[in-house]
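Data block below; observations after.
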Amino acid sequence: MAYNGASVVDEIKNRCNIVDVIGRVVTLKKAGANYKGLCPFHNEKTPSFMVSEDKQIFNCFGCGTKGDVIEFVQKYYNLDFHGALEKLAAEYGIDISKSGFGDDSKRAALYELNREAAAFFYRNFTTKANPGYAYMAKRGIEPATMRKFGIGYAENDWNALRSHFEAKKADKQSLIALGLLSSSKGKEYDKFRDRVMFPIINTRGKVIGFGGRAIGDGTPKYLNSPESIVFQKKNNLYGLNLTRTDISKEDCAILVEGYMDVISLYQHGVRNVSASLGTALTENQAAMLRRYTNNVVLCYDADEAGQNAALRGMDILHKAGFRVKVFHVDDGKDPDEFIKKNGREAFLQLVKNALPFADYKISLLRKKLDLSTTEGNVTFLRKTAEVLRQLSPVEADVYIRRIAEEYRISEGALRREVEGGRTEEKPRRREEPAPAYEPEQAEKGSFRKEQGEKGPDRGEMMIQRNLIRLMLEKSSYVPLTEPYRDVFTDPACYRIFSLILSSYRPDRELDLLSLTDSLEPQDGALLQNICRTVRLAGRDQEIFKDCIRSMDEKKRSKREKEIITLLSVLDDEKDGEEMNQLTLELMELQKQKNKGGWKG
């Protein structure tokens, strides 16, 4: 049986006994009408963690953590709201494929193949002696850390994974599309062989791809999954599924280059860390990070390639509004080697001393140019001016004063160089906030079209965006909007609305971070854009009334056209009574319109 988005949460709560779910991971003992155990969310020796079977809630009187069965699964298994629903639904045989939560069938099938492959590699890694485990142990990675990241091993066998999936009658073309198998001359074989396997998991807990590290002298050193409909490098960051909470807590993300850097730093207690997936940092990855922090520290290799990557990453992050800094570890070592040799505090000191955007760029100019010559000095100052143009006027002013004093040049000359470049640049387009919905905009052309279909017009799209923003501003608007669910004709807006509806709790506001994590990247980006650009300016009640009035107008206008069409085709003699009723209804609709507005 399938459930709609509004009922799936209730169905899960009704079917999942909280005592059974928590009892799998926490030893519970009967204590009167409730159950008691040691809290899994903080260290304690005396049980203060209570579970109520009657109320289906848990509460820790030691750390204050509390909630229902879904919230427990979210917190214990480090899942977002969507992931917790999927986990419980799978365990209790609840079909959520048509609830607004399930992935489309093809995408879901690919996720499942990746999950099965990850489990296969993990069993190879943990159940018998193998070169992969020996390699990771030699690198100083502890068993608990390996489990946390789901590290696996692909055997040195051309057919091990292929045979495993053949026994399960898996679709070979899907396995090839995911890069788990390769094909040559009509034969399929394992793509990953004799490699340590790093599963790449998105923030929804889905295995989307793999990175395979060769053992010994195998080439290439790292082999990654190809792009697919479930894996786009530009949209994901390695380790973020585990570290996003720490990034939010520290209000800072440390970005490194490789899998081992993330794993080693995490093991040593630096947990606000992530890595791009073998590519230069992208705008989409920057947008993902904006969900958790506005501060990023880049820690890339100190060689020329690492410096160039840092420069590109800085520009993208700076343009996206981050406060960005850069440092390179001492002696050209990577973060993995450095923290193992020097420890957590020494690494954090490097983070603390990281150079801000302008300082880093200027420091590289000093190294690359010969400042002992007049030509070198002129080039340095001109390029420095280019850097300062990217700063706000206040920031630029501070640097202008400092550099003018350090190089004993005219402050006015450097300022004119900076400001002169600004005036020559073309004015930058700024993203203007989307206005609150105005009724007269409703008929102004097409706002967006889906493939092969007429999309909602601009007015309809503005209503949908405004209603989503209102529900996020005050969750009390969720039940008020629910009767008008038909207004969400844009597919992406409907998916966001369905998630909001199922996440709604009368006693709390909606969590934007959890909502964004529960959506596919494109829908999450739309949600972030709505929050960033739709301004309510304290007019939420007025805007909501305008939206409702406009929706009612459209509904009644549509009905008016339907009646006119019906009257034109009905027969005066045979359908007289029906025509009279329709005529009275039409007169009432037109009377409301002539009064200057439809009834809401």
Side-chain angles (χ1 to χ4, degrees), residues 3-10 98-101 434-450 453-512 515 518-519 523 526-527 529-531 533-563 585 588-589 592-593 595-600:
Y3 306 90
N4 61 40
S7 65
V8 67
V9 174
D10 290 336
K98 297 181 181 179
S99 67
F101 288 105
Y437 173 71
E438 297 177 8
E440 60 267 23
Q441 292 179 328
E443 304 302 328
K444 291 185 180 179
S446 175
F447 187 87
R448 178 170 178 243
K449 291 184 178 180
E450 294 295 323
E453 296 183 5
K454 184 180 182 301
D457 65 30
R458 180 179 177 81
E460 292 170 345
M461 195 66 186
M462 293 302 298
I463 291 175
Q464 295 174 59
R465 291 167 64 92
N466 278 329
L467 288 174
I468 289 171
R469 186 69 184 87
L470 285 163
M471 289 185 286
L472 293 172
E473 180 75 11
K474 295 180 180 178
S475 65
S476 57
Y477 283 111
V478 176
L480 297 176
T481 302
E482 198 277 335
Y484 297 92
R485 62 189 307 149
D486 291 344
V487 74
F488 293 97
T489 56
D490 177 76
C493 287
Y494 180 77
R495 289 190 289 269
I496 293 172
F497 168 71
S498 295
L499 180 60
I500 288 175
L501 190 61
S502 294
S503 305
Y504 168 68
R505 306 287 175 78
D507 58 343
R508 71 184 65 178
E509 295 301 324
L510 294 161
D511 185 341
L512 175 62
L515 290 172
S518 297
L519 294 164
D523 293 348
L526 173 61
L527 181 60
N529 178 267
I530 290 171
C531 292
T533 61
V534 178
R535 302 287 184 255
L536 302 178
R539 297 173 55 243
D540 56 287
Q541 292 185 8
E542 180 182 347
I543 292 170
F544 183 74
K545 289 178 181 178
D546 284 346
C547 289
I548 298 302
R549 184 178 66 249
S550 181
M551 288 187 290
D552 285 340
E553 284 180 5
K554 283 183 172 292
K555 182 178 179 180
R556 288 171 169 79
S557 178
K558 180 180 178 182
R559 178 58 179 164
E560 181 183 9
K561 292 176 183 177
E562 289 175 351
I563 292 174
E585 184 182 351
E588 179 62 26
L589 290 172
Q592 292 175 17
K593 182 192 295 186
K595 285 183 177 179
W598 301 96
K599 289 182 180 179

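Each residue takes its place number in the sequence, starting with 1. Computed from a prediction, not measured in an experiment: that's the story for all the values here.
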Legend entry - Distance, nearest 0.5 Å, that separates CD1 of Ile468 from CG of Leu499: 10.5 Å

Legend entry - Spatial distance of atom CG (Leu536) from atom CD (Glu473) [nearest 0.5 Å]: 5.5 Å

Legend entry - Leu510 side chain near Val478 side chain, heavy-atom distance below 4.5 Å: yes

Inset, instruction - Identify, with sequence neighbours excluded, every residue that meets side-chain hydrogen bond (donor to acceptor under 3.5 Å, both in side chains) alongside Gln541. - result: none

Inset, instruction - Under the ring pair (Phe, Tyr, Trp, His ring centres under 6.0 Å) rule, collect the residues that match up with Phe488, sequence neighbours excluded. - result: Phe497

Inset, instruction - Hey, could you give me the SG/CD1 distance between Cys493 and Ile500, rounded to the nearest 0.5 Å? - result: 9.5 Å

Legend entry - Close side-chain approach of Leu512 and Leu527, heavy atoms under 4.5 Å: yes

Legend entry - Spacing of CG belonging to Leu526 relative to CZ belonging to Arg465, to within rounding of 0.5 Å: 6.0 Å

Legend entry - N/O donor-acceptor pair under 3.5 Å between Ser498 side chain and Tyr494 backbone: yes

Legend entry - Any residue meeting salt bridge (Lys or Arg N to Asp or Glu O under 4.0 Å) with Lys545, in chain and number order, not counting sequence neighbours: none

Legend entry - Within-4.5 Å side-chain heavy-atom neighbours: Asp540 and Arg469: no

Legend entry - For Pro483 against Pro479, the heavy-atom pair lying closest together: CD-O, 3.2 Å

Inset, instruction - Working to the nearest 0.5 Å, report the span between CD of Glu482 and CG of Leu501. - result: 5.5 Å

Legend entry - side chain to side chain contact (heavy atoms under 4.5 Å, CB included) evaluation trace for Leu472 with Leu515: CA-CA 10 Å; Leu472 293 172; Leu515 290 172; 3.5 Å; yes

Inset, instruction - Can you measure from OH (Tyr504) to CD (Glu509) and round to the nearest 0.5 angstrom? - result: 9.0 Å

